Number of protein chains: 2
Amino acid sequence: MSKLPLWKNIANALTEEIKSAQIPIGAKLPTEAELSQRFGVNRHTVRQALSFLCSEGVTWSKRGSGVFVSDKPTNYKLGDRTRFSQNIKDAGRTPSRKTLILQSRLCTEKEAAALNINTGNRVLHYEGISFADLTPIGLFSSVFCLSKFPNLEDAIKEHNSVTIALSKCGVTDYKRHSTAVKAVLSDAVQSNHLRIKLGDPLLRTESVNTDLNGNPIEFGIAHFSGPIVTLNYT
Amino acid sequence: MSKLPLWKNIANALTEEIKSAQIPIGAKLPTEAELSQRFGVNRHTVRQALSFLCSEGVTWSKRGSGVFVSDKPTNYKLGDRTRFSQNIKDAGRTPSRKTLILQSRLCTEKEAAALNINTGNRVLHYEGISFADLTPIGLFSSVFCLSKFPNLEDAIKEHNSVTIALSKCGVTDYKRHSTAVKAVLSDAVQSNHLRIKLGDPLLRTESVNTDLNGNPIEFGIAHFSGPIVTLNYT
DNA sequence: ACCTATTTGTCCGTATGTATT
DNA sequence: TAATACATACGGACAAATAGG
């Protein structure tokens, strides 16, 4: 019946199982050995099917570990009211964050310039991973002027949300003042956190948020997973 | 020396010969047998390199005949947008463009949806390279609805400017309706045009421009050189 | 910190099929 | 028809990265 090559049939079968969520997003496919057993073919025939799926972006592979189902592309809106949580919710997904660093330190020159403070000042450094559902979509690293928000660290710890924490510190609203976007290659740490391949492209954004008076309150650098995140500016 | 796999080195070598036109567009590559002899590897190792080139769109193969250098300069994904000229000037540099394609053709489904026209319609396809001074900074590919602007092709040829050409067609002003940005890796054609390394990151933007009534007039895809271009939203 | 088993990646070899010349 | 050239499929061996004890 099927004039298609063996490997193509296998690729189609696996695609169906992925589309129907029998193999959910992020899940590991059976090993090449298991698949060759199941389909009764040589391992290389399975590999050709898997290679095709990877080239189509349906899956990605990690040597020594396995082949995994890629996440669907995520849209991330970029505007003057950019909020991480709301963005993810709008996409029908559940946002969460994992904190990697939350501590005060002296600010750098670049940070001082962006926040319009002096170089001697202390800042709160907040760094971590952003998730949509269970998929890491980006790394963030923000600094806030400590003298303006002495209690911000505790507030972030308590509420696990920058927006809520800032409101507890008297900032009822803030705006995105500027965003600079460029494309870079991921390094080992980033690719590990984002579960992508070393050398996959990243969207790097540098942004400044201000209060409604135009005073800068946050300077942030974020790296979004290039393969699955799209920034939307409307 | 090279920690790269054999097949990757072969792919790079062939890419070089294609880029330098030692193997010109449309020409047939040596046979798999000849290449395996030349590189001293198994035929399958050569095949892996050729398979990669084909997946990158650099070549295409015909069973029983041979492997040929693709003649389609940029089969998919290339693009642009305008108002970029002003940005370049603001940065104290001189903008210019080189046209690669300027011709009418049937629109694709995606283009029809973006321009809010039917799939049978003809569009003007304008594709080329944007320069700042003498440095290529991006590739653009735009389509315009031909039935709305029947004289646009000649106007672009005459004035070498989309903005001026559109004004000759009655569009005195237009604005960007939406822009979606993501990071991708450059392929052989793109890296060649932009004079960057194969695999360097690119900023890919998809945008729609509308007239002041909100009717879409242009759909464009652009690829900006990741290492040197930053998009700024303020 | 180390070892081992697992898993994917690379490379070679052989045979056969299918389309082109 | 015959020779050529790419496509598919099988097989084995080892390397490299990972995961788990």
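Per chain, numbering begins at 1; letters A, B, ... match sequence-line order. All values derive from a computational prediction rather than experimental measurement.
Nucleic acid contact for B:Leu6: sugar-phosphate only, since backbone atoms but no base atoms lie under 4.0 Å from a heavy atom of the residue.
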Every protein N/O within reach of nucleotides 13-20 of chain C N/O, cut-off under 3.5 Å:
from   : atom 1 : to      : atom 2 : distance (Å)
C:dG13 : OP2    : B:Asn42 : ND2    : 3.4
C:dG13 : O6     : B:His44 : NE2    : 3.2
C:dT14 : O4     : B:His44 : NE2    : 2.5
C:dT18 : O3'    : B:Arg63 : NH1    : 3.3

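On the nucleic acid side, DNA chain D has its first and last nucleotide under 4.0 Å of a heavy atom of chain A at D:dT8 to D:dA19, going 5' to 3'.
Of all non-hydrogen atoms in B:Ala11 and B:Phe52, the two that sit nearest each other are CB-CD2, 4.0 Å. A pairwise comparison of heavy atoms in A:Val162 and A:Glu218 identifies CG1-OE1, 4.5 Å as the closest pair. For A:Pro30 against A:Leu35, the heavy-atom pair with the smallest separation is O-CD1, 3.7 Å.
A side chain to side chain donor-acceptor pair (under 3.5 Å) with A:His125 is found for one member of A:Gln103, A:Arg105, A:Glu153 and no other, namely A:Arg105.
Summarising the geometry, the separation between CD on A:Glu34 and P on C:dT7 is reported as 7 Å, rounded to the nearest angstrom.
Between A:Ser61 and C:dT7, a side-chain N or O to OP1/OP2 separation shorter than 4.0 Å is absent.
A:Phe219 and A:Phe144 have their aromatic ring centers separated by at least 6.0 angstrom.
Using a 4.0 Å cut-off between charged side-chain N and carboxylate O, A:Glu34 and A:Arg43 make no salt bridge.
Not a single donor-acceptor pair under 3.5 Å links the side chain of A:Thr45 to the backbone N or O of A:Val41. Looking only at distances, a side-chain donor or acceptor of A:Ser36 sits under 3.5 Å from a matching main-chain atom of A:Ala33.
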